[in-house]
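Beneath this line is the structure, given in structure tokens, with notes to follow.
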Amino acid sequence: LKSIGAYAFAGCINLYDIELPNSLLYLEKYAFSGCKSLYTLKIPSKLQRISDYTFSKCISLTEIKIPGSIREEISIPSTVKTVGIGAFENCTELKDISLPTTLTEINYYTFSGCTSLTTLTLHSKLTAINNYAFAGCKSLTEIHCKNSNPPLIGENTFRDVNRIGCKIFVPSKRAKKSYSTALYWNEFTIYIE
């Protein structure tokens, strides 16, 4: 099995666990959307694409496990090159997210409405975060930015995030200066990691 098709398990409200085969490469749009009881998921290490709204409204999803990973929060494997629009939208129980270095851009609405998200790590190769990507993430208190150059963000990328209470951590003094003068990043308080 290489692909789970669009809407394959959408709305399966009693599905709480599923084992995906190691051969899986693609999760198509809305594949698990609205699976309200799904709380954990083991992602195959060769997965390349998470399509639009794949896990949207999975309100019980707290962790995605990656083979060989010791991390217990959401960790997307480094083989993933695309995470679609709204892929994790309204996953209200997600608390921590780790993104692979293969992603250079975060799509529109990807994590919007993730109201329990507290910590976010943005890797050094990330160059852009689209509008509404983290809108409504009201519990977000820490963003760790590994790129010395601020990724491009829009006016609504962090809509409804408390910019006074959310701390941005950057790798150096030069990076702090860059973020402090970058449009929209300059609304946050910037610290050196």
Side-chain angles (χ1 to χ4, degrees), residues 1-114 116-117 119-135 137 144 146-147 151-152 157:
L1 184 68
K2 293 185 178 180
S3 175
I4 292 182
Y7 300 91
F9 297 96
C12 292
I13 60 172
N14 292 319
L15 178 67
Y16 68 92
D17 193 14
I18 190 167
E19 186 172 334
L20 301 174
N22 288 330
S23 58
L24 194 67
L25 300 176
Y26 311 110
L27 289 171
E28 301 300 347
K29 64 181 182 178
Y30 295 95
F32 294 96
S33 178
C35 292
K36 296 180 178 182
S37 301
L38 187 66
Y39 72 95
T40 186
L41 188 69
K42 184 177 178 182
I43 293 286
S45 58
K46 295 178 184 176
L47 190 72
Q48 294 179 15
R49 181 176 67 228
I50 299 172
S51 298
D52 296 351
Y53 303 101
T54 300
F55 297 104
S56 65
K57 300 177 185 172
C58 290
I59 59 173
S60 299
L61 189 63
T62 59
E63 74 178 311
I64 291 180
K65 296 179 180 178
I66 308 303
S69 173
I70 59 170
R71 299 186 71 147
E72 295 180 353
E73 68 276 1
I74 297 303
S75 184
I76 299 169
S78 60
T79 52
V80 173
K81 295 174 176 61
T82 304
V83 176
I85 295 169
F88 295 94
E89 183 179 41
N90 294 321
C91 290
T92 55
E93 290 301 309
L94 293 184
K95 292 181 174 64
D96 193 358
I97 297 167
S98 180
L99 300 169
T101 56
T102 47
L103 285 180
T104 57
E105 183 176 351
I106 298 176
N107 232 319
Y108 297 91
Y109 299 96
T110 301
F111 298 101
S112 70
C114 293
S116 296
L117 179 64
T119 307
L120 175 63
T121 301
L122 303 174
H123 62 77
S124 61
K125 295 180 182 177
L126 192 69
T127 59
I129 308 171
N130 285 301
N131 260 331
Y132 301 98
F134 295 97
C137 296
H144 297 266
K146 304 302 184 183
N147 193 339
L152 295 175
T157 297

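Below, all heavy atoms of this structure are taken into account, side chains as well, without hydrogens, waters or symmetry copies.
Ser112 and Glu89 share a donor-acceptor pair across their side chains, judged by distance under 3.5 Å alone.
Checked options Leu117, Leu61, Thr62; the residue passing with Glu93 is Thr62 (criterion: side chain to side chain contact (heavy atoms under 4.5 Å, CB included)). Each of Tyr108, Phe111, Phe88 was scored for a ring-ring contact (aromatic ring centres under 6.0 Å, His included) with Phe134, with one residue passing: Phe111. Among Ser60, Cys114, Ser116, the single residue meeting the side chain to side chain contact (heavy atoms under 4.5 Å, CB included) criterion with Cys91 is Cys114. Results of the side chain to side chain contact (heavy atoms under 4.5 Å, CB included) test with Ile129 over Leu122, Asn107, Thr110 single out Leu122 as the only residue that passes.
Note that the CG atom of Asp17 and the NZ atom of Lys42 stand 11.0 Å from one another [nearest 0.5 Å]. Taking CG of Leu47 as the start and NZ of Lys81 as the end, the distance is 10.5 Å to the nearest 0.5 Å. The distance from the OG1 atom of Thr101 to the NZ atom of Lys125 is 5.0 Å, given to the nearest 0.5 Å. Residue Thr157 holds its OG1 atom at 9.5 Å from CG of Leu152, rounded to the nearest 0.5 Å. Rounding to the nearest 0.5 angstrom, the gap separating the OG1 atom in Thr92 from the CD1 atom in Ile59 is 5.5 Å. In this structure, the separation between OH on Tyr109 and CG on Asn130 is 10.5 Å, given to the nearest 0.5 Å.
Contact of the Lys46 side chain with the Asn22 side chain is not registered, since no non-hydrogen atoms from C-beta on lie closer than 4.5 Å. In this structure, the side chains of Leu41 and Ile18 come closer than 4.5 Å at one or more pairs of heavy atoms.
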Name each donor-acceptor pair under 3.5 Å that joins a side chain in residues 25-38 to protein atoms two or more places apart or in another chain, with its distance.
{"residue": "Glu28", "atom": "OE1", "partner": "Arg49", "partner atom": "NH2", "Å": "3.2"}
{"residue": "Glu28", "atom": "OE1", "partner": "Ser51", "partner atom": "OG", "Å": "3.3"}
{"residue": "Glu28", "atom": "OE2", "partner": "Arg49", "partner atom": "NH2", "Å": "2.5"}
{"residue": "Ser33", "atom": "OG", "partner": "Ser56", "partner atom": "O", "Å": "3.4"}
{"residue": "Ser33", "atom": "OG", "partner": "Ser56", "partner atom": "OG", "Å": "2.8"}
{"residue": "Ser37", "atom": "OG", "partner": "Ile13", "partner atom": "O", "Å": "2.5"}

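With sequence neighbours excluded, the residues forming a side chain to side chain donor-acceptor pair (under 3.5 Å) with Tyr132 are Asn156, listed by chain and number. In terms of the side chain to side chain contact (heavy atoms under 4.5 Å, CB included) criterion, residue partners of Thr119 (sequence neighbours excluded) are, by chain and number, Asp96, Glu142, His144.
Judged purely by atom type and a 3.5 angstrom limit, Asp52 uses its side chain to pair as donor or acceptor with the backbone of Ile85. Remark: the backbone N or O of Leu1 is paired with a side-chain donor or acceptor of Ser23 at under 3.5 angstrom.
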Give the intermediate values and the outcome of side chain to side chain contact (heavy atoms under 4.5 Å, CB included) for residues Thr102 and Gln48. CA-CA 10 Å; Thr102 47; Gln48 294 179 15; over 6 Å; no

